[in-house]
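Accompanying notes for the structure given below.
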Amino acid sequence: MKFIVGNWKMNGTPDKKSAMIRALSETTTENIVILCLPFTLLGGDNKNVTIGAQDISEHENGAYTGDVSGQMISDMGAKYVIVGHSERRFYHHETNETVHAKAAAAIRHKLIPIICVGETLDEHKSNKTFDVVRKMLDVCLPESGEFIVAYEPRWAIGTGKTPTIDEVKKIHQMIYEYLNVHGHTTTPILYGGSVNKTNASDFANIPHVDGLLIGGASLESETFLPIIKSVN
Ligand code: 13P
């Protein structure tokens with residue numbers, strides 16, 4: 001049993017969502033499948049498919065034009081929320097401190113944050129991956145409450161490039177040990193970055209990989225369902 005999380009990013013229409021919800025609700029799997037949708041697609045009839053958002057405001061309410069609060073996300077029936085995705089860090093200059101505040105806001109509203117960590121290509125090339133990820137964990141993780149960590153190297157997102165199995169094994173081992181030392185003994189750790197139906201089971205079978213976070217390949221049932229079926 002693994003987590004299979006689709007991140008639709010800024011994609012999708014009501015019709016595409018309905019088609020995916022129908023396909024997922026007709027698929028039997030032992031895996032925990034979560035669909036993280038744009039805010040505009042969160043509500044409506046989700047037919048028992050578990051829904052997540054892709055961002056959350058660290059604030060409760062008030063004059064924050066364009067932001068969406070934990071209460072609003074929860075009111076739409078979502079159970080999870082991605083925080084600290086590298087696209088939020090890069091395009092919206094979110095810091096580790098912001099990510100921490102957003103994870104805490106999620107937990108206040110009984111949402112489970114999926115906290116993303118990962119290095120850039122430059123950091124990867126200069127062997128800073130472990131330091132960068134450790135620093136992110138130091139600052140981003142909430143003090144208490146249930147959460148998930150997703151390791152997504154920025155350079156592997158949407159590029160078709162991936163770390164080697166051995167690289168993923170080592171970084172997941174480090175994250176697992178880090179979480180254990182800090183008392184988070186049951187926190188799931190996901191891998192994300194250019195996962196597709198061909199490589200999904202290879203990544204999912206690595207020790208301490210408890211699931212996958214999938215962008216492009218989660219948009220169509222033709223590419224998403226084979227991933228769900230290939231992983232167990
Ligand atoms: P891709 O699967 O498209 O590389 O995206 C990964 C991702 O960013 C999921 O959050």
Side-chain angles (χ1 to χ4, degrees), residues 2-12 16-17 20 24 31-39 41-42 50-56 73 78-94 96 98-99 102-103 106 111-121 123-124 129 132-133 136 140 147-165 167-168 171-172 175 188-204 206 209-231:
K2 303 276 181 183
F3 286 86
I4 307 289
V5 184
N7 174 10
W8 273 24
K9 309 192 179 185
M10 199 172 71
N11 294 293
K16 287 221 170 221
K17 176 197 162 182
M20 181 61 81
L24 289 177
N31 294 318
I32 299 172
V33 180
I34 302 160
L35 204 52
C36 293
L37 295 166
F39 291 129
L41 296 178
L42 290 179
T50 305
I51 298 295
Q54 302 168 11
D55 184 34
I56 181 173
I73 293 168
K79 303 282 180 233
Y80 292 81
V81 58
I82 297 171
V83 296
H85 192 280
S86 77
E87 287 149 14
R88 303 280 329 161
R89 292 174 185 267
F90 186 72
Y91 296 119
H92 298 272
H93 313 291
E94 290 191 6
N96 287 332
T98 312
V99 177
K102 290 187 170 197
L111 296 162
I112 300 176
I114 302 172
I115 302 168
C116 298
V117 297
E119 81 286 3
T120 63
L121 185 59
E123 290 161 346
H124 180 74
T129 299
V132 169
V133 170
M136 286 177 164
C140 297
F147 62 92
I148 293 174
V149 171
Y151 170 63
E152 289 205 309
R154 176 162 176 75
W155 53 273
I157 294 176
T159 58
K161 297 195 181 95
T162 62
T164 64
I165 297 293
E167 283 172 324
V168 175
I171 189 82
H172 275 249
I175 296 170
I189 311 166
L190 316 185
Y191 169 75
S194 292
V195 173
N196 57 41
K197 60 182 176 186
T198 311
N199 63 20
S201 66
D202 291 341
F203 286 121
I206 299 171
V209 173
D210 303 301
L212 304 169
L213 181 52
I214 302 146
S218 72
L219 292 174
E220 304 289 342
S221 53
E222 291 73 20
T223 47
F224 197 34
L225 297 190
I227 295 177
I228 296 168
K229 286 179 187 150
S230 73
V231 169

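For ligands, and for the atoms within them, numbers begin at 1 and follow the listed sequence. Nothing here was measured: the structure is a model prediction, and the numbers come from that model. All values below come from the heavy atoms of this structure, side chains included, with hydrogens, waters and symmetry mates left out.
Using a 4.0 Å cut-off between a side-chain N of Lys or Arg and a carboxylate O of Asp or Glu, D55 and R88 qualify as a salt bridge. A salt bridge is absent between R89 and E94: the closest approach of a Lys/Arg side-chain nitrogen to an acidic carboxylate oxygen does not fall below 4.0 angstrom.
The shortest contact between atom 5 (O) of ligand 1 and any protein heavy atom is with K9 NZ, 3.3 Å. Protein heavy atom nearest atom 7 (C) of ligand 1, with residue, atom name and distance: E152 OE2, 3.0 Å. Given atom 3 (O) of ligand 1, the protein heavy atom at minimum distance is G216 N, 2.8 Å.
Residue contacts with ligand 1 leave out G192, since none of its heavy atoms falls under 4.0 Å from the ligand. The shortest separation from a heavy atom of S86 to ligand 1 is not under 4.0 Å, leaving the residue out of contact. Contact annotation: G158 has at least one heavy atom less than 4.0 Å from an atom of ligand 1.
Checking only distances, G215 does come within under 3.5 Å of ligand 1, N or O to N or O. Below 3.5 Å of separation, one finds an N or O of N7 facing an N or O of ligand 1. Distances between N or O atoms of S194 and those of ligand 1 include at least one value under 3.5 Å.
No donor-acceptor contact under 3.5 angstrom links the side chains of Q54 and H85, judged on distance only. A donor-acceptor pair shorter than 3.5 Å can be found between the side chains of E119 and Y151. Judged by distance alone, the side chains of T120 and E123 do bring a donor and an acceptor atom under 3.5 Å apart.
Which parts of ligand 1 touch A156 is read off a 4.0 Å heavy-atom cut-off, strictly below it: atoms 4 (O).
For the atom pair NZ of K2 and CG of L212, the computed distance is 8.0 Å after rounding to the nearest 0.5 Å.
Under the 30°/60° scheme for interplanar angles, the aromatic rings of F3 and Y80 are found to stand perpendicular.
When heavy-atom distances to ligand 1 are checked against a 4.0 Å cut-off, A150 has no atom that comes that close, whether in backbone or side chain.
Each of T162, I214, V231 was evaluated against V195; a single residue qualifies, I214, per the side-chain contact (heavy atoms from CB on, under 4.5 Å) test.
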